[in-house]
Amino acid sequence: MNMLTNPSKLRGFEKHIKIENVSRRSILKGLGLAGGFVLAAPIMMRPALAYETGASQMPHGTVVDPRVFVSIAPDGIVTILAHRAEMGTGVRTSLPLIVAEEMEADWKRVRVQQAHGDEVKYGNQDTDGSRSTRHYLMPMRQIGASARTMLEQAAAKRWDVPATEVKASNHEVVHGASGRKLGFGELAADAAQQSVPSVEGLKLKDPKDFRYLGKGAIGIVDLHDITTGAARYGADVRLPGMKYAAIARPPVTGGKLVSFDGSDAMKVSGVEKVMEVKGWPWPSKFQPLGGVAVIARNTGAAIKGRDALKIVWEDGPNGKYESGAYRKELEEAARKPGLVVRKDGDVEAALKGADKVIVGEYFLPHLAHVAMEPPVAVADVKGDKAEIWAPVQSAGGTREDVAKTLDISQENVTVNVTLLGGGFGRKSKCDFALEAALLSKELGAPVKVQWTREDDIHNGFLHTVSVERIEAGLDKSGKVIAWRHRSVAPSIASTFAAGTVHQAPFELGMGLVDMPFEIANVSCENPEAAAHTRIGWFRSVSNIPRAFAVQSMVGEIAQATGRDQKEMLLELIGSPRILKLDSVKDLWNYGEPYDSYPIDTARLRRVVELVAEKGEWGRQVPKGHGLGIAAHRSFVSYIATIVEVAVDDKGKLTVPRVDTAIDCGTYVNPERIQSQIEGAAIMGLSLAKYGEITFKDGKVQQKNFDDFPVIRIDEAPAVTNVHIVPPGPDTPPSGVGEPGVPPFAPALINAIFAATGKRIRALPIGKQLET
């Protein structure tokens with residue numbers, strides 16, 4: 001059972017926890033008056049880690065004076081700071097839980113507080129890339145161990161005994177020889193006088209002694225507030241004297257305002273002002289598109305006033321962008337040679353000499369994030385100071401961009417992070433917060449900018465459109481001897497630099513150049529593709545089209561050779577080995593060092609074998625049902641999925657069962673892994689069935705959930721089983737939030753073929769199954 005369906009079983013863990021924003025100054029001031037103890041333990045330098053990660057390579061890293069705060073009040077309450085944003089992954093629970101585990105705190109006596117945006121103090125705050133746990137597991141353990149050591153030293157000094165004779169246990173420090181005990185609150189003031197121990201001298205807990213990490217179900221700290229309606233999202237922020245704004249933005253990316261007439265808007269009750277919003281020429285990273293803002297006494301009036309505006313736009317160079325024509329351009333490019341980004345052996349000769357060549361051309365359209373909470377932000381700018389309240393995935397990045405946009409010091413910008421009603425990468429881009437800041441500066445009052453669902457779909461940062469063409473050459477025995485994969489898609493880099501026509505290394509490293517099959521002759525190519533709209537990262541990013549193409553081709557090869565899908569997949573993965581990709585000039589490995597996170601085909605084989613066992617691969621299914629399998633490595637995790645589909649005689653598709661095996665290395669909270677994989681199945685099915693953003697005359701044609709639907713509860717997989725591979729003793733943590741999505745669609749498509757004999761190569765499925 002998904003524990004989220006039975007909140008009462010979790011309430012003992014999270015009901016007591018209050019989430020609020022906090023600054024270091026407020027903690028020091030409050031606990032200083034109370035005689036408490038504040039530990040400002042630095043995140044430790046790389047040499048102290050048991051394994052290397054790419055954390056230090058992130059903007060602001062984890063070594064330039066980042067501080068994570070642990071405080072203990074005289075009554076024993078432990079407060080732990082969360083410096084990442086909560087959007088459903090459980091990071092606001094998991095990172096503090098690591099600290100609590102190591103310091104032997106009783107989780108029921110822990111409070112979690114949300115940090116402001118400040119990457120000088122806290123290090124990188126980008127909550128994306130499925131890297132929070134893999135980058136912060138060891139630093140958080142060391143911080144907890146530092147707190148525990150200081151408490152033990154304080155108790156030993158008070159009892160005048162060697163520190164080796166005392167031990168922290170469940171919120172107390174115990175002297176084993178005499179049985180004396182002191183609570184954390186009683187030791188707080190004395191512990192504050194202890195120096196922070198050196199990293200080298202820290203003794204971390206043996207994992208066999210863990211009480212929380214990797215054990216059972218620890219409910220997220222926000223669960224009680226979410227289920228009772230008390231949770232504070234971006235739209236819930238209210239400030240005295242606050243104005244409300246709705247903005248009309250250019251309907252075509254790169255377009256600009258020519259003129260506007262706001263007279264009818266001013267007639268709407270509650271509307272106070274109509275004004276132009278500054279925009280930046282495209283591409284301009286996350287800067288606002290510009291347009292016309294309607295300022296009102298409430299959001300409803302602002303939206304109604306915006307609807308009454310008369311605006312003349314100049315559409316610019318993207319005014320002729322049309323989805324059907326562009327798809328043909330991508331398909332034509334995929335059928336011609338492109339920039340070679342990986343070359344093993346001689347593919348051309350191997351294809352010419354092959355007994356059979358199987359060609360698959362796979363298409364995925366643009367996709368929109370459509371998080372349940374559309375973008376929203378509140379800003380209060382006074383002189384050279386600005387304060388922001390917003391559901392942003394990167395508080396530190398938002399702070400930096402607000403300061404640059406307003407031309408003020410970062411020290412004068414405060415970013416308060418609310419709970420995110422979903423993110424999926426959209427809220428890594430802070431354009432909506434910048435809009436609020438600009439308007440507040442102009443009006444001299446607090447301003448809330450609320451995006452509607454239509455705004456979100458029309459003016460967001462979309463997942464790229466893609467054509468993936470694969471040619472597989474087989475010898476007479478049915479063995480694959482050649483593999484050529486051409487990937488054609490506009491790049492996210494186009495959001496940052498004009499003229500970008502090739503994908504960036506980080507996109508190429510998501511299932512293209514890192515393809516793990518044991519094939520002698522491999523060529524990966526990247527033909528040119530220009531962007532005509534804003535492209536941004538989206539949950540799982542380029543892994544979605546790559547896994548869809550590669551794993552669908554596995555199914556096609558299995559069918560062509562009369563092989564079982566699973567056996568074909570394992571044959572292609574080949575022998576257990578560490579991939580050597582010497583021909584790849586700039587191999588991107590999710591920002592992680594290859595020594596710590598190599599491409600290990602033994603782990604990929606393991607998840608395939610595990611899901612086949614647990615998912616009962618080969619089991620008998622009713623007529624009209626079919627099983628499909630797919631596997632993929634992304635965000636340095638390994639995952640395999642089996643989907644069972646049922647297709648009735650009218651083409652109606654349902655999913656009775658999903659099984660997913662994941663190897664994410666060392667993990668913190670299995671409840672969150674289960675929740676994330678269940679969510680990935682729902683999202684994967686939504687995208688596969690319905691996900692499609694189209695353009696005509698440069699404008700997005702969809703507007704809301706009526707024409708860009710997500711699956712309803714009656715369409716969701718009836719059963720989703722999650723099987724977690726137990727980590728080895730030295731296996732570092734890897735990603736969970738994103739890896740579940742990529743293998744779902746190809747497993748679904750392979751299952752549809754097994755059920756119906758119909759091969760689908762273009763998503764969404766839409767009406768392709770209807771008879």
Side-chain angles (χ1 to χ4, degrees), residues 360-370 424 463-470 485 487 489 510-512 515 538-556 558 565 569 607-608 611 615 626-635 639-647 653-662 676-693 708-711 715-717 720 737-756 758-769:
E361 205 167 82
Y362 307 94
F363 172 76
L364 280 88
H366 284 297
L367 300 169
H369 300 83
V370 293
F424 310 123
H463 180 54
T464 189
V465 57
S466 172
V467 169
E468 311 285 327
R469 179 184 173 89
I470 298 176
H485 184 168
S487 176
M510 293 183 175
L512 182 65
M515 189 275 298
F538 179 99
R539 186 181 186 183
S540 305
V541 205
S542 296
N543 288 291
I544 296 175
R546 304 287 169 52
F548 175 61
V550 170
Q551 296 296 309
S552 292
M553 175 55 78
V554 173
E556 298 211 38
Q565 289 180 49
L569 177 55
V607 291
V608 173
V611 81
L627 300 178
I629 190 169
H632 191 68
R633 174 189 184 264
S634 68
F635 302 92
I639 193 160
T641 294
I642 292 173
V643 174
E644 179 186 349
V645 302
V647 183
L653 170 69
T654 55
V655 178
R657 176 176 171 181
V658 176
D659 284 87
T660 293
I662 179 170
Q676 288 298 292
I677 299 303
E678 290 172 340
I682 292 170
M683 187 172 187
L685 184 55
S686 286
L687 298 177
K689 287 185 75 172
Y690 303 124
E692 182 177 32
I693 294 294
F708 189 81
V710 296
I711 61 171
E715 299 175 273
T720 299
E738 296 175 271
V741 176
F744 187 91
L748 177 74
I749 296 307
N750 287 335
I752 289 172
F753 181 83
T756 67
K758 185 175 181 62
R759 174 63 61 180
I760 292 174
R761 296 190 180 96
L763 295 181
I765 296 167
K767 298 180 179 180
Q768 294 181 67
L769 292 177

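Just so it is clear, the model here is predicted, and its values are computed rather than measured.
Across all non-hydrogen atoms, the minimal contact from Thr641 to Pro743 is OG1-CG, 3.8 Å. The two residues Ala680 and Gly740 come nearest to each other via the heavy atoms CB-C, 3.5 Å. In terms of heavy-atom proximity, Ala754 sits nearest to Gln565 at CB-NE2, 4.4 Å. Between Leu367 and Glu692, the shortest heavy-atom distance links the atoms CD2-N, 4.1 Å. Looking at every heavy atom in both residues, Pro764 comes nearest to Gly691 through CD-O, 3.5 Å.
Checked by atom type, the side-chain pair Ser487/Glu468 shows a donor-acceptor distance below 3.5 Å. Side chains of Arg761 and Ser552: a donor-acceptor N/O pair is absent below 3.5 angstrom, by distance only. Looking at Gln551 and His632, their side chains never bring a donor and an acceptor atom within 3.5 Å of each other.
Here the CD1 atom belonging to Ile682 is positioned 12.0 Å from the CG atom belonging to Leu687, to the nearest 0.5 angstrom. Interatomic distance, OH of Tyr362 versus CG of Leu763, reported as 11.5 Å (0.5 Å rounding). In this structure, CG in Leu512 is found 4.5 Å from CZ in Arg546, a value given to the nearest 0.5 Å. The distance from atom OG1 of Thr654 to atom CD1 of Ile711, rounded to the nearest 0.5 Å, is 11.5 Å. Once rounded to the nearest 0.5 Å, the distance linking OG of Ser634 with CD1 of Ile544 reads 9.5 Å.
No donor-acceptor pair closer than 3.5 Å links the side chain of Arg539 to the backbone N or O of Glu738. A donor-acceptor distance shorter than 3.5 angstrom exists from the side chain of His366 to the backbone of His463, with no hydrogens or angles considered. Side-chain atoms of Asn750 never come within 3.5 Å of backbone atoms of Ala747 as a donor-acceptor pair (strictly under, hydrogens ignored).
Within the structure, the salt bridge (Lys or Arg N to Asp or Glu O under 4.0 Å) test picks out no pair touching residues 742-752 (sequence neighbours left out).
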How far apart are the C-alpha atoms of Val658 and Phe744, what are their side-chain angles, what is the distance that settles it, and do they pass the side-chain contact (heavy atoms from CB on, under 4.5 Å) test? CA-CA 9 Å; Val658 176; Phe744 187 91; 3.8 Å; yes

Ile639 vs Val607, side-chain contact (heavy atoms from CB on, under 4.5 Å): CA-CA, chis, key distance, verdict: CA-CA 6 Å; Ile639 193 160; Val607 291; 5.7 Å; no

Test side-chain contact (heavy atoms from CB on, under 4.5 Å) applied to Phe363 and Val465, step by step: CA-CA 8 Å; Phe363 172 76; Val465 57; 3.5 Å; yes

Test salt bridge (Lys or Arg N to Asp or Glu O under 4.0 Å) on Arg469 and Glu361 and set out the steps. CA-CA 4 Å; Arg469 179 184 173 89; Glu361 205 167 82; 2.9 Å; yes

Candidate pair Leu748 and Val655, rule side-chain contact (heavy atoms from CB on, under 4.5 Å), full reasoning: CA-CA 9 Å; Leu748 177 74; Val655 178; 4.0 Å; yes

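Centroid-to-centroid, the aromatic rings of His369 and Phe424 stay 6.0 Å apart or farther.
Take Phe635 and apply the ring-ring contact (aromatic ring centres under 6.0 Å, His included) test, not counting sequence neighbours, and it matches Tyr590. Partners of Phe708 according to the side-chain contact (heavy atoms from CB on, under 4.5 Å) rule, which considers only residues two or more places apart in sequence or in another chain, are Ala368, Val370, Ile457, Ile693, Gln702.
In this structure, Glu556 and Arg759 have side chains that are in contact, with non-hydrogen atoms separated by less than 4.5 Å. Looking at Ile642 and Thr660, their side chains never come closer than 4.5 Å, going by heavy atoms from C-beta outward. At least one side-chain heavy atom of Ile470 sits under 4.5 Å from a side-chain heavy atom of Val550.
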